[in-house]
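Any value given below was found using the heavy atoms of this structure, including those in side chains, with hydrogens, waters and symmetry copies removed. In what follows, chains carry the letters A, B, and so on, assigned in the order in which the sequence lines appear, proteins first and then strands, with residues in each chain numbered from 1.
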Amino acid sequence: MAIKPRFFMVEKEGRVVVWKFYNPPNNIWTGETHLEFNDLVEELYADPEMRVGIITSAMPDVFILHFDVGSLVKSGEELQKNTPAQPAERPKPRGVYRRGPKVVIAAINANLSGGGLELAMACDFRFMAKNAAAAQGEVNVGILPGGGGTQRMTRLVGLPKAMELMLTGRRVFADEAERIGLITRACEPMMLMTETMNFAKAMAERPPLAVAHIKKCIYEGCDMPISQGLEMERTLFQELVKSEEAMTRMRAYVSTGQPSPRQRIQLELEAVQKQWEDCQKKP
Amino acid sequence: MSVKPRHFMVEKEDKIVVWKFFNPPNNIWTSEVHLEFNDIVEDFYKDPDTRVGIITSAMPDVFILHFDVAKLVEMGCELNDTGCCEELERVQAERGVYRCGPKITIAAINANLSGGGLELAMACDFRFMAKNASASQGEVNVGILPGSGGTQRMTRLVGLPRALELMLTGRRVFADEAERIGLITRACDPLTLMTETIDFARAMAARPPLAITHTKHCISLAREMPIEQGLAIEGELFMELVKSAEAMALMRAYVATGQPSPRQRIQMELEAVQKQWQELQKK
């Protein structure tokens, strides 16, 4: 994207890019912000320097309210007036909705519902402040979650919970959301960005091709018969195992002399001990 | 297999066979071990006298460390040089426990496991794990992916979001968490791991074999096809079972007991527990 984004403040830190959504007064998601965000994510996928993207909100009391209902009414009126002879071809999913090769994380700092939750569910991981609540309440205005919500939520939390949440539209706080699998982790509000950033940095250090292929195997594999999934896994495994990066890393691993399980535990204990000592030193 | 296995101690007890893996110093899983184990399991599937197979480790501090990484480097080189690697193809074939066989296999995880070891355990029907053991799927750290069905089987066991987290971070999971998220069947006290596993295996061995085979088959198909097709197959196999001699005999016996009322049934169960308790006291 050559133009400066209008609704996002973009900050880069190492290989991690943070997009802070800002559309006052209510952080409503519109057609315009949607396209702009897709461009930003595609830009991340294309940038060889960057590895992980984090979407969060620049407003303290709302992450993303929901999609612009006013514009939905207008589209409804238009569809009523002139029903197209043929339904318009659906555009191909873009940005985070197409599950690209890099990791995208939602750092949910405040309440979200509707399209906001659908966006978060399209990300790979969701970190959520414990005082935030999520709701998928489309049913209350007579529509359905049309941004992938019915499909993605069902795959995240399973059939019975998905039924309950989308048919009642009730709010779910972070603790429950974590328990049912809707989010990755519920965080103390003060620690949300730190925890998300730490996780993102760990992700950014992992070999990018392995990350991309594992994502692909998991997402595509869960939607096909296991025999096909295994076939895909086998092919991608062979591609990785002969790659330069994997060979280097595996050689390094082997040449460390492969500590025995007991030594390994010892090493981990020493690492924890060191962390603890470092912690103590800090004022 | 006519040859005596080199890496497994095989013990038979009634209808249960226990394979104790022993490949010191670190219990690494090699191609040789892999092929040997596949042969053992295929033999077990054919043997009419055994019903349940248990894989465990003969070493106290490691179950299966992981697949032989040095070998993977060699395989990578061969793939780069010649474009194909026969040994890798053989290792990745769907045989032994990796295909959905007719009999029950259980992993009794007595100590830590990672990589290929966890993939093997996930290919079994049930996993009993000692509470002091931990599991990790850390392939991403050396730039490869879990290539023995890990991306497919873990996703089906723990669901999409957790699978993504565990395989992209490669973090360790202890038995209690593993049980909570569905990665294992049961977390056991280390001292009673084998007792609990054998008890469970005995109960399985006592059940009618054809019913077990068909139930396993139907369940393994549940996620692989639209529900109409799954129901059709279930119906077919049900008919086959209901007319089998074994089922007829069991159903007749059940009817002939005069079909106890729900209250009598609870009474009978209480008496059975009482009896168990008294026997325990006598020991």
Salt-bridge contact [X]-[Y] (side-chain N to carboxylate O under 4.0 Å):
X	Y	result
B/Glu74	B/Lys71	yes
A/Lys201	A/Glu205	no
A/Arg185	A/Glu195	yes
B/Lys131	B/Asp189	no
A/Asp223	A/Arg155	yes

Within a reach of under 6.0 Å around [atom1] of [X], are more than 12 heavy atoms found that belong to other residues, nucleotides or ligands?
X	atom1	result
A/Lys216	NZ	no
B/Glu86	CD	no
A/Gln228	CD	yes

Pair A/Glu233, B/Gln92 - check side chain to side chain donor-acceptor pair (under 3.5 Å), show working. CA-CA 10 Å; A/Glu233 187 192 272; B/Gln92 290 193 310; 5.9 Å; no
Which label fits A/Trp19 and A/Phe37: parallel for a plane angle under 30°, tilted from 30 to 60°, or perpendicular past 60°?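 The arrangement is perpendicular - the two ring planes meet at more than 60°.
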If you count heavy-atom pairs within less than 4.5 Å of chain A, which of [options] leads?
options	answer
B/Ile181, B/Val140, B/Thr155	B/Val140
B/Ser148, B/Gly143, B/Gly150	B/Gly143
B/Glu78, B/Met75, B/Glu94	B/Glu94

Spell out the residues in residues 215-237 of chain B that have some non-hydrogen atom less than 4.5 Å away from a non-hydrogen atom of chain A, in order of number; otherwise answer 'none'.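 Within residues 215-237 of chain B, near chain A: B/Arg223, B/Glu224.
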Counting a contact as any heavy-atom pair under 4.5 Å apart, which residues of residues 162-174 of chain B contact chain A?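 Hits under 4.5 Å: B/Arg162, B/Ala163, B/Leu164, B/Glu165, B/Met167, B/Leu168, B/Thr169, B/Arg172.
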Heavy-atom distance under 4.5 Å to chain B: side chain of [X], backbone, both or neither?
X	value
A/Met250	both
A/Val103	side chain
A/Arg251	both
A/Leu230	both
A/Leu236	both

Enumerate the residue pairs fulfilling ring pair (Phe, Tyr, Trp, His ring centres under 6.0 Å) with a member in residues 106-138 of chain B, sequence neighbours excluded, ordered by first and then second residue.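 Of all non-adjacent pairs touching residues 106-138 of chain B, those that pass ring pair (Phe, Tyr, Trp, His ring centres under 6.0 Å) are B/Phe126-B/Phe200, B/Phe128-B/Phe200.
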Looking at B/Phe63, is its backbone amide N or carbonyl O close enough to the side chain of B/Asn27 to form a donor-acceptor pair, meaning the two atoms are under 3.5 Å apart?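 Yes; at least one donor-acceptor contact below 3.5 Å.
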Could you pull out all residues at least two apart from B/Lys103 that satisfy salt bridge (Lys or Arg N to Asp or Glu O under 4.0 Å)?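 Result, salt bridge (Lys or Arg N to Asp or Glu O under 4.0 Å) vs B/Lys103: none returned.
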From CA spacing to verdict: ring pair (Phe, Tyr, Trp, His ring centres under 6.0 Å), B/Phe37, B/Phe8: CA-CA 8 Å; B/Phe37 185 62; B/Phe8 294 88; 5.3 Å; yes
Please state whether the side chain, the backbone, both or neither of B/Cys77 comes within less than 4.5 Å of a heavy atom of chain A.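 B/Cys77 touches chain A through backbone and side-chain heavy atoms alike.
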